[in-house]
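Here's the structure, in C-alpha coordinates; my notes come after.
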Protein chains: 2
Amino acid sequence: MAETILTAERILEAAEEVLRRYGPAKATVVDVARALGVSHGSVYRHFPSKAALRDAVTERWLARVSAPLAAIAAEDGPAPARLRRWLDALIGAKHAKVLDDPEMFATYMTLAADAREVVAGHVAALTADLARMVADGVAQGVFAAADPQATGRALLDATARFHNPAHAAEWSDPGIAAAFEGVWTLVMRGLETRKG
Amino acid sequence: MAETILTAERILEAAEEVLRRYGPAKATVVDVARALGVSHGSVYRHFPSKAALRDAVTERWLARVSAPLAAIAAEDGPAPARLRRWLDALIGAKHAKVLDDPEMFATYMTLAADAREVVAGHVAALTADLARMVADGVAQGVFAAADPQATGRALLDATARFHNPAHAAEWSDPGIAAAFEGVWTLVMRGLETRKG
DNA sequence: CGACTAACAGATTTCAATATCTGTCATCCG
DNA sequence: CGGATGACAGATATTGAAATCTGTTAGTCG
(Lines give C-alpha, C1' and ligand atoms only; values in the text may rest on other atoms or scores of the structure.)
Protein backbone atom coordinates (compact mmCIF):
# COMPACT_ATOMS: atom_id res chain seq x y z
CA MET A 1 0.00 0.00 0.00
CA ALA A 2 3.00 2.25 0.27
CA GLU A 3 3.22 1.71 -3.49
CA THR A 4 -0.05 3.53 -4.12
CA ILE A 5 0.22 6.59 -6.32
CA LEU A 6 0.55 9.91 -4.52
CA THR A 7 -2.83 11.68 -4.41
CA ALA A 8 -4.16 14.80 -2.74
CA GLU A 9 -6.27 12.50 -0.58
CA ARG A 10 -3.26 10.55 0.72
CA ILE A 11 -1.43 13.80 1.42
CA LEU A 12 -4.38 15.12 3.44
CA GLU A 13 -4.49 11.88 5.41
CA ALA A 14 -0.79 12.15 6.22
CA ALA A 15 -1.06 15.88 7.00
CA GLU A 16 -3.80 15.20 9.51
CA GLU A 17 -1.69 12.51 11.17
CA VAL A 18 1.36 14.79 11.29
CA LEU A 19 -0.72 17.62 12.76
CA ARG A 20 -2.09 15.25 15.37
CA ARG A 21 1.44 14.15 16.30
CA TYR A 22 3.37 17.41 16.20
CA GLY A 23 0.70 20.10 16.63
CA PRO A 24 0.09 23.09 14.37
CA ALA A 25 3.25 24.99 15.33
CA LYS A 26 5.74 22.21 14.58
CA ALA A 27 4.08 20.28 11.75
CA THR A 28 5.99 20.97 8.54
CA VAL A 29 5.56 20.09 4.88
CA VAL A 30 8.81 18.15 5.16
CA ASP A 31 7.25 16.03 7.95
CA VAL A 32 4.23 15.26 5.78
CA ALA A 33 6.48 14.25 2.88
CA ARG A 34 8.61 12.11 5.19
CA ALA A 35 5.48 10.34 6.50
CA LEU A 36 4.61 9.49 2.90
CA GLY A 37 8.14 8.52 1.90
CA VAL A 38 8.37 11.17 -0.82
CA SER A 39 10.29 14.42 -1.25
CA HIS A 40 8.58 17.55 -0.02
CA GLY A 41 8.67 18.93 -3.58
CA SER A 42 6.08 16.29 -4.53
CA VAL A 43 3.62 17.70 -2.05
CA TYR A 44 3.84 21.04 -3.86
CA ARG A 45 2.64 19.33 -7.03
CA HIS A 46 -0.73 18.77 -5.34
CA PHE A 47 -0.99 21.87 -3.11
CA PRO A 48 0.37 25.29 -4.11
CA SER A 49 1.43 26.19 -0.59
CA LYS A 50 1.51 25.04 2.99
CA ALA A 51 -1.44 27.38 3.67
CA ALA A 52 -3.48 25.68 0.92
CA LEU A 53 -2.71 22.27 2.42
CA ARG A 54 -3.80 23.45 5.86
CA ASP A 55 -6.95 24.96 4.39
CA ALA A 56 -7.79 21.64 2.76
CA VAL A 57 -7.28 19.78 6.06
CA THR A 58 -9.55 22.30 7.77
CA GLU A 59 -12.19 21.93 5.10
CA ARG A 60 -12.23 18.14 5.50
CA TRP A 61 -12.62 18.49 9.23
CA LEU A 62 -15.47 21.02 8.97
CA ALA A 63 -17.17 18.84 6.35
CA ARG A 64 -17.20 15.95 8.82
CA VAL A 65 -19.03 18.24 11.24
CA SER A 66 -21.57 19.69 8.84
CA ALA A 67 -22.49 16.55 6.85
CA PRO A 68 -24.55 14.87 9.61
CA LEU A 69 -26.17 18.21 10.42
CA ALA A 70 -27.30 18.73 6.83
CA ALA A 71 -28.90 15.29 7.03
CA ILE A 72 -30.87 16.29 10.12
CA ALA A 73 -31.93 19.61 8.57
CA ALA A 74 -33.26 17.72 5.53
CA GLU A 75 -35.42 15.31 7.56
CA ASP A 76 -39.20 15.39 7.51
CA GLY A 77 -41.34 16.06 10.56
CA PRO A 78 -42.05 18.99 12.89
CA ALA A 79 -39.52 21.79 12.56
CA PRO A 80 -39.16 22.60 16.29
CA ALA A 81 -38.05 19.10 17.32
CA ARG A 82 -35.77 18.90 14.31
CA LEU A 83 -34.24 22.26 15.14
CA ARG A 84 -33.59 21.09 18.67
CA ARG A 85 -32.04 17.84 17.41
CA TRP A 86 -29.85 19.80 15.01
CA LEU A 87 -28.57 22.12 17.75
CA ASP A 88 -28.01 19.21 20.14
CA ALA A 89 -26.04 17.42 17.42
CA LEU A 90 -23.91 20.49 16.66
CA ILE A 91 -23.23 21.30 20.29
CA GLY A 92 -22.78 17.66 21.29
CA ALA A 93 -20.28 17.06 18.49
CA LYS A 94 -18.21 20.09 19.44
CA HIS A 95 -18.23 19.34 23.15
CA ALA A 96 -17.31 15.70 22.52
CA LYS A 97 -14.38 16.77 20.35
CA VAL A 98 -12.87 19.02 23.04
CA LEU A 99 -13.50 16.43 25.73
CA ASP A 100 -11.88 13.43 24.12
CA ASP A 101 -9.02 15.12 22.28
CA PRO A 102 -8.39 18.65 23.56
CA GLU A 103 -5.03 18.94 21.82
CA MET A 104 -6.45 18.05 18.42
CA PHE A 105 -9.27 20.50 19.03
CA ALA A 106 -6.74 23.25 19.81
CA THR A 107 -4.88 22.30 16.63
CA TYR A 108 -8.03 22.70 14.55
CA MET A 109 -8.79 26.02 16.22
CA THR A 110 -5.37 27.27 15.12
CA LEU A 111 -5.92 26.02 11.58
CA ALA A 112 -9.39 27.57 11.42
CA ALA A 113 -8.06 30.95 12.53
CA ASP A 114 -5.88 30.99 9.39
CA ALA A 115 -8.59 29.65 7.08
CA ARG A 116 -11.14 32.44 7.29
CA GLU A 117 -12.60 31.74 3.87
CA VAL A 118 -13.11 28.05 4.55
CA VAL A 119 -14.73 28.87 7.89
CA ALA A 120 -17.03 31.40 6.20
CA GLY A 121 -18.23 28.61 3.91
CA HIS A 122 -18.89 26.37 6.91
CA VAL A 123 -20.88 29.11 8.66
CA ALA A 124 -22.87 29.67 5.47
CA ALA A 125 -23.72 25.95 5.32
CA LEU A 126 -24.88 25.94 8.94
CA THR A 127 -26.94 29.08 8.36
CA ALA A 128 -28.54 27.46 5.32
CA ASP A 129 -29.53 24.42 7.42
CA LEU A 130 -31.12 26.67 10.02
CA ALA A 131 -32.86 28.81 7.40
CA ARG A 132 -34.33 25.67 5.89
CA MET A 133 -35.71 24.46 9.22
CA VAL A 134 -37.12 27.91 9.99
CA ALA A 135 -38.79 28.04 6.56
CA ASP A 136 -40.20 24.53 7.12
CA GLY A 137 -41.56 25.68 10.48
CA VAL A 138 -43.21 28.69 8.86
CA ALA A 139 -44.77 26.41 6.22
CA GLN A 140 -46.00 24.13 9.01
CA GLY A 141 -47.57 27.13 10.74
CA VAL A 142 -45.55 26.69 13.93
CA PHE A 143 -42.87 29.36 13.38
CA ALA A 144 -43.30 33.05 12.59
CA ALA A 145 -40.38 34.59 10.69
CA ALA A 146 -40.42 37.32 8.07
CA ASP A 147 -36.98 36.38 6.72
CA PRO A 148 -36.00 32.73 7.37
CA GLN A 149 -32.43 33.34 6.19
CA ALA A 150 -31.93 36.23 8.66
CA THR A 151 -33.67 34.28 11.42
CA GLY A 152 -31.45 31.25 10.73
CA ARG A 153 -28.41 33.43 11.11
CA ALA A 154 -29.84 34.94 14.29
CA LEU A 155 -30.27 31.44 15.73
CA LEU A 156 -26.65 30.58 14.95
CA ASP A 157 -25.46 33.85 16.50
CA ALA A 158 -27.67 33.56 19.58
CA THR A 159 -26.31 30.07 20.32
CA ALA A 160 -22.66 30.95 19.58
CA ARG A 161 -21.59 30.49 23.17
CA PHE A 162 -22.48 26.81 22.96
CA HIS A 163 -20.90 25.81 19.66
CA ASN A 164 -18.36 28.46 18.64
CA PRO A 165 -14.83 27.19 19.44
CA ALA A 166 -13.93 30.66 20.73
CA HIS A 167 -16.02 29.74 23.78
CA ALA A 168 -14.60 26.24 24.23
CA ALA A 169 -13.04 27.12 27.60
CA GLU A 170 -16.55 27.79 28.96
CA TRP A 171 -17.90 24.38 27.98
CA SER A 172 -16.54 22.70 31.08
CA ASP A 173 -18.56 25.09 33.25
CA PRO A 174 -21.18 23.00 35.08
CA GLY A 175 -23.87 25.60 34.33
CA ILE A 176 -23.42 25.43 30.58
CA ALA A 177 -26.34 23.05 29.91
CA ALA A 178 -28.70 25.20 31.99
CA ALA A 179 -27.47 28.29 30.14
CA PHE A 180 -28.28 26.64 26.83
CA GLU A 181 -31.78 25.76 28.04
CA GLY A 182 -32.23 29.44 28.94
CA VAL A 183 -31.29 30.60 25.46
CA TRP A 184 -33.32 27.80 23.85
CA THR A 185 -36.42 28.79 25.81
CA LEU A 186 -35.97 32.44 24.89
CA VAL A 187 -35.44 31.92 21.16
CA MET A 188 -38.14 29.24 20.84
CA ARG A 189 -40.58 31.67 22.38
CA GLY A 190 -39.36 34.24 19.83
CA LEU A 191 -39.88 31.78 16.99
CA GLU A 192 -43.30 30.36 17.83
CA THR A 193 -46.48 31.63 16.23
CA ARG A 194 -48.67 33.57 18.63
CA LYS A 195 -51.78 31.91 20.00
CA GLY A 196 -55.14 33.64 19.88
CA MET B 1 3.86 65.40 42.47
CA ALA B 2 6.59 62.80 42.26
CA GLU B 3 6.85 63.34 46.02
CA THR B 4 3.39 61.91 46.63
CA ILE B 5 3.29 58.86 48.87
CA LEU B 6 3.24 55.51 47.09
CA THR B 7 -0.30 54.11 47.00
CA ALA B 8 -1.99 51.15 45.34
CA GLU B 9 -3.84 53.67 43.19
CA ARG B 10 -0.62 55.28 41.89
CA ILE B 11 0.83 51.85 41.16
CA LEU B 12 -2.27 50.87 39.19
CA GLU B 13 -2.03 54.10 37.20
CA ALA B 14 1.61 53.43 36.37
CA ALA B 15 0.93 49.75 35.61
CA GLU B 16 -1.73 50.73 33.10
CA GLU B 17 0.66 53.16 31.42
CA VAL B 18 3.43 50.55 31.29
CA LEU B 19 1.04 47.96 29.84
CA ARG B 20 -0.06 50.49 27.23
CA ARG B 21 3.55 51.19 26.26
CA TYR B 22 5.13 47.73 26.37
CA GLY B 23 2.19 45.36 25.93
CA PRO B 24 1.23 42.45 28.21
CA ALA B 25 4.16 40.21 27.24
CA LYS B 26 6.94 42.70 27.99
CA ALA B 27 5.52 44.80 30.83
CA THR B 28 7.37 43.90 34.04
CA VAL B 29 7.06 44.83 37.69
CA VAL B 30 10.51 46.40 37.38
CA ASP B 31 9.17 48.66 34.60
CA VAL B 32 6.27 49.77 36.79
CA ALA B 33 8.63 50.53 39.68
CA ARG B 34 10.96 52.42 37.35
CA ALA B 35 8.06 54.53 36.05
CA LEU B 36 7.29 55.46 39.66
CA GLY B 37 10.91 56.03 40.65
CA VAL B 38 10.85 53.37 43.36
CA SER B 39 12.42 49.94 43.81
CA HIS B 40 10.36 47.00 42.61
CA GLY B 41 10.35 45.64 46.15
CA SER B 42 8.06 48.53 47.11
CA VAL B 43 5.44 47.41 44.62
CA TYR B 44 5.30 44.07 46.43
CA ARG B 45 4.31 45.90 49.61
CA HIS B 46 1.01 46.82 47.92
CA PHE B 47 0.39 43.78 45.72
CA PRO B 48 1.36 40.23 46.71
CA SER B 49 2.29 39.20 43.17
CA LYS B 50 2.48 40.35 39.59
CA ALA B 51 -0.71 38.36 38.92
CA ALA B 52 -2.54 40.27 41.68
CA LEU B 53 -1.40 43.58 40.17
CA ARG B 54 -2.62 42.53 36.75
CA ASP B 55 -5.93 41.37 38.22
CA ALA B 56 -6.38 44.77 39.86
CA VAL B 57 -5.68 46.56 36.56
CA THR B 58 -8.22 44.31 34.85
CA GLU B 59 -10.80 44.97 37.55
CA ARG B 60 -10.41 48.75 37.14
CA TRP B 61 -10.85 48.45 33.43
CA LEU B 62 -13.96 46.27 33.69
CA ALA B 63 -15.41 48.62 36.31
CA ARG B 64 -15.11 51.50 33.84
CA VAL B 65 -17.19 49.44 31.42
CA SER B 66 -19.87 48.29 33.83
CA ALA B 67 -20.43 51.50 35.84
CA PRO B 68 -22.29 53.41 33.08
CA LEU B 69 -24.26 50.27 32.28
CA ALA B 70 -25.44 49.88 35.87
CA ALA B 71 -26.64 53.49 35.69
CA ILE B 72 -28.71 52.72 32.59
CA ALA B 73 -30.15 49.57 34.16
CA ALA B 74 -31.24 51.59 37.21
CA GLU B 75 -33.10 54.22 35.17
CA ASP B 76 -36.88 54.58 35.24
CA GLY B 77 -39.12 54.16 32.20
CA PRO B 78 -40.15 51.33 29.88
CA ALA B 79 -37.95 48.26 30.20
CA PRO B 80 -37.71 47.40 26.47
CA ALA B 81 -36.21 50.76 25.43
CA ARG B 82 -33.94 50.70 28.45
CA LEU B 83 -32.77 47.18 27.59
CA ARG B 84 -32.01 48.27 24.07
CA ARG B 85 -30.11 51.32 25.32
CA TRP B 86 -28.13 49.12 27.71
CA LEU B 87 -27.14 46.67 24.96
CA ASP B 88 -26.27 49.51 22.57
CA ALA B 89 -24.09 51.06 25.27
CA LEU B 90 -22.31 47.76 26.02
CA ILE B 91 -21.75 46.87 22.39
CA GLY B 92 -20.91 50.45 21.40
CA ALA B 93 -18.34 50.77 24.17
CA LYS B 94 -16.62 47.51 23.23
CA HIS B 95 -16.58 48.26 19.52
CA ALA B 96 -15.25 51.77 20.15
CA LYS B 97 -12.45 50.37 22.29
CA VAL B 98 -11.22 47.97 19.60
CA LEU B 99 -11.55 50.61 16.91
CA ASP B 100 -9.60 53.42 18.52
CA ASP B 101 -6.95 51.40 20.35
CA PRO B 102 -6.73 47.82 19.07
CA GLU B 103 -3.41 47.15 20.79
CA MET B 104 -4.71 48.19 24.21
CA PHE B 105 -7.80 46.09 23.60
CA ALA B 106 -5.60 43.07 22.81
CA THR B 107 -3.63 43.80 25.98
CA TYR B 108 -6.79 43.76 28.07
CA MET B 109 -7.93 40.54 26.40
CA THR B 110 -4.68 38.90 27.49
CA LEU B 111 -5.07 40.20 31.04
CA ALA B 112 -8.69 39.05 31.21
CA ALA B 113 -7.74 35.54 30.10
CA ASP B 114 -5.57 35.27 33.21
CA ALA B 115 -8.11 36.90 35.56
CA ARG B 116 -10.95 34.41 35.35
CA GLU B 117 -12.32 35.27 38.77
CA VAL B 118 -12.41 39.01 38.10
CA VAL B 119 -14.11 38.38 34.76
CA ALA B 120 -16.68 36.13 36.45
CA GLY B 121 -17.57 39.04 38.74
CA HIS B 122 -17.96 41.34 35.76
CA VAL B 123 -20.24 38.85 34.02
CA ALA B 124 -22.28 38.52 37.22
CA ALA B 125 -22.69 42.31 37.37
CA LEU B 126 -23.87 42.46 33.75
CA THR B 127 -26.26 39.57 34.35
CA ALA B 128 -27.66 41.36 37.41
CA ASP B 129 -28.30 44.50 35.31
CA LEU B 130 -30.15 42.44 32.71
CA ALA B 131 -32.10 40.51 35.34
CA ARG B 132 -33.22 43.80 36.87
CA MET B 133 -34.45 45.16 33.55
CA VAL B 134 -36.24 41.90 32.77
CA ALA B 135 -37.91 41.95 36.20
CA ASP B 136 -38.92 45.60 35.64
CA GLY B 137 -40.42 44.64 32.31
CA VAL B 138 -42.39 41.84 33.92
CA ALA B 139 -43.65 44.28 36.56
CA GLN B 140 -44.62 46.69 33.78
CA GLY B 141 -46.55 43.90 32.06
CA VAL B 142 -44.49 44.09 28.85
CA PHE B 143 -42.16 41.12 29.39
CA ALA B 144 -42.99 37.51 30.19
CA ALA B 145 -40.27 35.63 32.09
CA ALA B 146 -40.61 32.93 34.70
CA ASP B 147 -37.07 33.45 36.03
CA PRO B 148 -35.68 36.97 35.39
CA GLN B 149 -32.20 35.95 36.54
CA ALA B 150 -32.03 33.04 34.07
CA THR B 151 -33.56 35.19 31.33
CA GLY B 152 -31.00 37.92 32.01
CA ARG B 153 -28.24 35.41 31.63
CA ALA B 154 -29.86 34.09 28.44
CA LEU B 155 -29.88 37.62 27.01
CA LEU B 156 -26.19 38.04 27.77
CA ASP B 157 -25.38 34.67 26.21
CA ALA B 158 -27.55 35.23 23.15
CA THR B 159 -25.82 38.53 22.39
CA ALA B 160 -22.30 37.24 23.12
CA ARG B 161 -21.19 37.57 19.51
CA PHE B 162 -21.65 41.33 19.72
CA HIS B 163 -19.95 42.12 23.01
CA ASN B 164 -17.71 39.20 24.03
CA PRO B 165 -14.07 40.06 23.20
CA ALA B 166 -13.58 36.52 21.91
CA HIS B 167 -15.57 37.67 18.88
CA ALA B 168 -13.76 41.00 18.43
CA ALA B 169 -12.35 39.93 15.05
CA GLU B 170 -15.90 39.67 13.70
CA TRP B 171 -16.85 43.22 14.69
CA SER B 172 -15.32 44.73 11.57
CA ASP B 173 -17.62 42.58 9.42
CA PRO B 174 -19.98 44.96 7.60
CA GLY B 175 -22.95 42.69 8.36
CA ILE B 176 -22.46 42.80 12.12
CA ALA B 177 -25.09 45.50 12.80
CA ALA B 178 -27.69 43.65 10.74
CA ALA B 179 -26.81 40.44 12.57
CA PHE B 180 -27.42 42.16 15.89
CA GLU B 181 -30.80 43.42 14.68
CA GLY B 182 -31.67 39.84 13.78
CA VAL B 183 -30.85 38.58 17.27
CA TRP B 184 -32.55 41.59 18.89
CA THR B 185 -35.74 40.95 16.94
CA LEU B 186 -35.72 37.28 17.86
CA VAL B 187 -35.10 37.74 21.58
CA MET B 188 -37.48 40.70 21.92
CA ARG B 189 -40.17 38.56 20.39
CA GLY B 190 -39.27 35.88 22.92
CA LEU B 191 -39.49 38.36 25.77
CA GLU B 192 -42.71 40.18 24.94
CA THR B 193 -46.01 39.28 26.56
CA ARG B 194 -48.42 37.60 24.17
CA LYS B 195 -51.30 39.60 22.83
CA GLY B 196 -54.82 38.23 22.94
C1' DC C 1 6.18 12.94 -21.42
C1' DG C 2 4.89 13.43 -16.79
C1' DA C 3 5.56 12.26 -11.94
C1' DC C 4 9.19 12.75 -8.90
C1' DT C 5 13.76 14.26 -6.92
C1' DA C 6 17.36 17.11 -5.19
C1' DA C 7 19.75 21.25 -4.64
C1' DC C 8 19.12 26.05 -3.65
C1' DA C 9 18.01 31.06 -1.78
C1' DG C 10 15.74 33.43 1.45
C1' DA C 11 12.76 33.17 5.50
C1' DT C 12 11.82 31.05 9.83
C1' DT C 13 12.86 28.28 13.84
C1' DT C 14 15.78 26.20 17.34
C1' DC C 15 19.08 26.18 21.00
C1' DA C 16 22.17 27.44 24.43
C1' DA C 17 24.45 31.36 26.53
C1' DT C 18 23.47 35.48 28.61
C1' DA C 19 20.61 38.91 30.67
C1' DT C 20 16.53 40.14 33.03
C1' DC C 21 12.71 39.30 35.99
C1' DT C 22 9.97 37.67 40.17
C1' DG C 23 9.45 37.31 44.83
C1' DT C 24 11.98 37.33 49.44
C1' DC C 25 14.35 39.27 53.15
C1' DA C 26 17.90 41.40 56.02
C1' DT C 27 18.85 46.06 56.48
C1' DC C 28 18.51 51.02 56.28
C1' DC C 29 16.40 55.66 57.05
C1' DG C 30 13.35 59.45 58.87
C1' DC D 1 8.75 51.60 64.01
C1' DG D 2 6.72 51.77 59.36
C1' DG D 3 7.90 52.28 54.84
C1' DA D 4 11.39 51.74 51.50
C1' DT D 5 15.71 49.64 49.68
C1' DG D 6 18.89 46.58 47.21
C1' DA D 7 21.05 42.19 46.90
C1' DC D 8 19.94 37.46 46.11
C1' DA D 9 18.21 32.56 44.24
C1' DG D 10 15.61 30.43 41.06
C1' DA D 11 12.64 31.08 37.07
C1' DT D 12 11.89 33.29 32.68
C1' DA D 13 13.10 35.97 28.63
C1' DT D 14 16.33 37.62 25.05
C1' DT D 15 19.70 37.05 21.56
C1' DG D 16 22.36 35.66 17.73
C1' DA D 17 24.54 31.76 15.41
C1' DA D 18 23.33 27.39 13.44
C1' DA D 19 19.81 24.35 11.74
C1' DT D 20 15.60 23.69 9.42
C1' DC D 21 11.84 24.99 6.55
C1' DT D 22 9.25 26.93 2.37
C1' DG D 23 8.70 27.31 -2.26
C1' DT D 24 11.22 27.07 -6.91
C1' DT D 25 13.36 24.84 -10.64
C1' DA D 26 16.66 22.30 -13.38
C1' DG D 27 17.18 17.75 -14.07
C1' DT D 28 16.35 12.34 -13.32
C1' DC D 29 13.86 8.18 -14.17
C1' DG D 30 10.53 4.95 -15.99
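The chains referred to below are lettered A, B, ... by the order of the sequence lines, with proteins before strands, and numbering in each begins at 1.
Regarding B/Leu36, its CG atom lies at a distance of 15 Å from the C1' atom of D/dT5, rounded to whole Å. Residue B/Arg34 contributes atom CZ, which lies 10 Å from atom P of C/dT22 at whole-angstrom precision. Taking atom OH of A/Tyr22 as the reference point, atom P of D/dC21 lies 10 Å away to the nearest angstrom. Summarising the geometry, the separation between CZ on B/Arg54 and P on C/dC21 is reported as 14 Å, rounded to the nearest angstrom. Atom CZ of B/Phe47 is separated from atom P of D/dG3 by 15 Å (rounded to the nearest Å). Straight-line distance from the NE2 atom of B/His46 to the P atom of D/dT5: 10 Å, rounded to whole Å.
Listed candidates were C/dG23, D/dT5, C/dT5. Nearest to the side chain of B/Lys50 is C/dG23. Residue A/Ser39 places its side chain closer to C/dT5 than to any other of C/dG23, C/dT5, D/dT24. The side chain of A/Tyr44 approaches D/dG23 more closely than any other nucleotide in the set D/dA4, D/dG23, C/dT22. The nucleotide whose nearest atom lies closest to any side-chain atom of A/His40 is, among D/dT22, D/dC21, C/dT5, D/dT22.
Contacts of B/Thr28 with the nucleic acid, taken as non-hydrogen atoms under 4.0 Å apart, involve only primed sugar atoms and P, OP1 or OP2. Contacts of A/Val30 with the nucleic acid, taken as non-hydrogen atoms under 4.0 Å apart, include base atoms.
Both A/Lys26 and A/Leu6 lie close to DNA chain C; mapped to their nearest nucleotides by heavy-atom distance, the more 5′-ward contact belongs to A/Leu6.
Taking a 6.0 Å sphere around CZ of B/Arg116, one finds it holds 12 or fewer heavy atoms contributed by other residues, nucleotides or ligands. Heavy atoms from other residues, nucleotides or ligands lying under 6.0 Å from CZ of B/Arg21 number 12 at most.
In this structure, the side chain of B/Arg194 does not engage the main chain of B/Ala144 through any donor-acceptor pair within 3.5 Å.
A donor-acceptor contact closer than 3.5 angstrom is absent between the side chains of B/Asp55 and B/Thr58.
Contact between the side-chain N/O atoms of B/Ser42 and the OP1/OP2 oxygens of D/dT5 is found at a separation under 4.0 Å.
Taking only distance into account, the side chain of A/Arg45 never meets the base of C/dA3 through a donor-acceptor pair shorter than 3.5 Å.
Ring geometry, A/Trp61 versus A/Tyr108: the interplanar angle falls under 30°, so the pair is classed parallel (tilted spans 30 to 60°).
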